[in-house]
Protein chains: 2
Amino acid sequence: MFSIGQLSKQTGVKVPTIRYYEQAGLLVSAGRTDGNQRRYDKEGLERLGFIRHARDLGFSIEAITALIDLQQHPDRSCQEATEIAQHQLTDVREKLQRLKALETELVRITDGCDGEGSSEECYVLASLADHQHCRGEH
Amino acid sequence: MFSIGQLSKQTGVKVPTIRYYEQAGLLVSAGRTDGNQRRYDKEGLERLGFIRHARDLGFSIEAITALIDLQQHPDRSCQEATEIAQHQLTDVREKLQRLKALETELVRITDGCDGEGSSEECYVLASLADHQHCRGEH
DNA sequence: CTACAACCTCTAGTGACTAGAGCTTCAAGA
DNA sequence: TCTTGAAGCTCTAGTCACTAGAGGTTGTAG
């Protein structure tokens, strides 16, 4: 049996976050001591590990709820889980695209400026003021 | 002179967002008609364009405030602006790194599963449950 | 002059936490 | 057994950058 603090240490999830997950319905309400403190078993630990891993991969709370739901109905098709993961992958790839464009643009902006001189003729500021400077879309 | 709606159309920034920017101190309080409606001139339009562009590049409201402040003190060094942009670039690059790792991991997870069978033996769910499966860090 | 789109302010909600106040409980050492 | 203080509890509010909605007022085209 672990206290919430021990669970926190083992998973790397902060204590208030664990309570938040419970309140959000991700974690089943933990058992309590007579004094109302939460106590967790191995299952609680594994569940939190699952959540942690999924959050690290950028899955939303909503998506994780769906995945946990699926986990608990072993008879249901695996397809749903794959769809959720695929969706997440698409999402990540879109963000990657966008960030790559931003990187290019920021490199261009910062390279154009040596940091000397007054801000009046600053290339960074000029670039931001005038979209015309940009190569690509964003 | 433009109304807030015309400004919105010209810049692509939604009306409530413009008001939010004003309230956040990014946009100087606009002039008003006798009936208390905002009216903008060319300067207001340019300022909003600047903000829009900077937001598109992922600069925080705080960073943009600093940049605008700089713009208004043409005597101050350009170095600060460059630093802010550099910081933003570092930030973007970190996110890129992270997202690339996530992509790899998600591809591995989704590739391992054909979507058939029951969720009991689903590779997606198993991968999320067990960090051991992972190649890299995240 | 009228109708109604567009404007106004204010409050509250979003997602995923994080911080803090004010109180109670657990567990180790004396 | 008692004490102390770290760790737990609940509840409210704050974060960021908006977005939505209520309920009322103004501008302007016909």
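Per chain, numbering begins at 1; letters A, B, ... match sequence-line order.
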side-chain contact (heavy atoms from CB on, under 4.5 Å) involving [X] - partner list, sequence neighbours excluded:
X: A/Lys9; result: none
X: B/Glu62; result: B/Ser60
X: B/Gln86; result: A/Thr110, B/Thr82, B/Leu89

Seminar exercise, completed: Within residues 26-35 of chain B, the residues having a heavy atom closer than 4.0 Å to DNA chain C are B/Arg32
Exercise. Which residues within residues 3-14 of chain B lie with some heavy atom under 4.0 Å of an atom in DNA chain C?
Worked result: B/Ser3, B/Ile4, B/Gly5
For this session: May I ask you to verify if any side-chain N or O of B/Tyr21 is less than 4.0 angstrom from the OP1 or OP2 atom of D/dA17?
Result: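 It does not, given that no N or O in the side chain of B/Tyr21 lies less than 4.0 Å from OP1 or OP2 of D/dA17.
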Problem set entry | Under-4.0 Å side-chain N/O to phosphate OP1/OP2 contact, B/Ser60 with D/dC16 |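 Checking B/Ser60 against D/dC16: no side-chain N or O falls below 4.0 Å of OP1 or OP2.
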[X]: side-chain hydrogen bond (donor to acceptor under 3.5 Å, both in side chains) partners, not counting sequence neighbours:
X: A/Glu94; result: none
X: A/Glu46; result: A/Lys42
X: B/Glu83; result: B/Gln79
X: A/Gln37; result: A/Arg39

In whole angstrom, what separates [X]'s [atom1] from [N]'s [atom2]?
X: B/Glu62; N: D/dT15; atom1: CD; atom2: P; value: 12 Å
X: B/Ile61; N: D/dT19; atom1: CD1; atom2: P; value: 11 Å
X: A/Arg38; N: D/dA7; atom1: CZ; atom2: C1'; value: 13 Å
X: A/Glu22; N: D/dC11; atom1: CD; atom2: P; value: 12 Å

Exercise. When all nucleic acid strands are considered with a 4.0 Å heavy-atom cut-off, which category describes B/Phe59: base, sugar-phosphate, or nothing?
Worked result: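 Result for B/Phe59 = nothing.
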Exercise. Reckon A/Arg19 touches a base, only the sugar-phosphate, or nothing at all at heavy-atom distances under 4.0 Å?
Worked result: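 The residue A/Arg19 makes base contact.
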Exercise. Which nucleotide span of DNA chain C, 5' end to 3' end, has atoms closer than 4.0 Å to non-hydrogen atoms of chain B?
Worked result: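 That gives a stretch of C/dC7 to C/dT9.
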Exercise. Residues in salt bridge (charged side-chain N to carboxylate O under 4.0 Å, His left out) with A/Asp69, at least two apart?
Worked result: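 Applying salt bridge (charged side-chain N to carboxylate O under 4.0 Å, His left out) to A/Asp69 gives A/Arg76.
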For this session: Specify the residue among A/Pro16 and A/Gln37 whose closest nucleotide of DNA chain C lies further upstream toward the 5′ end.
Result: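 Closer to the 5' end of DNA chain C: A/Pro16.
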For this session: Identify the residue among B/Asp56, B/Ile51, B/Leu57 that makes a side-chain contact (heavy atoms from CB on, under 4.5 Å) with A/Leu128.
Result: B/Leu57
When the side chains of residues 10-32 of chain B are checked against the rest of the protein, which donor-acceptor pairs come out under 3.5 Å, sequence neighbours left out?
residue	atom	partner	partner atom	Å
B/Thr11	OG1	B/Leu7	O	2.8
B/Thr11	OG1	B/Val13	N	3.3
B/Glu22	OE1	B/Arg38	NE	2.8
B/Arg32	NH1	B/Asn36	O	3.0
B/Arg32	NH1	B/Asn36	OD1	3.3

Problem set entry | Any side-chain heavy-atom pair of B/Phe59 and B/His53 under 4.5 Å | no
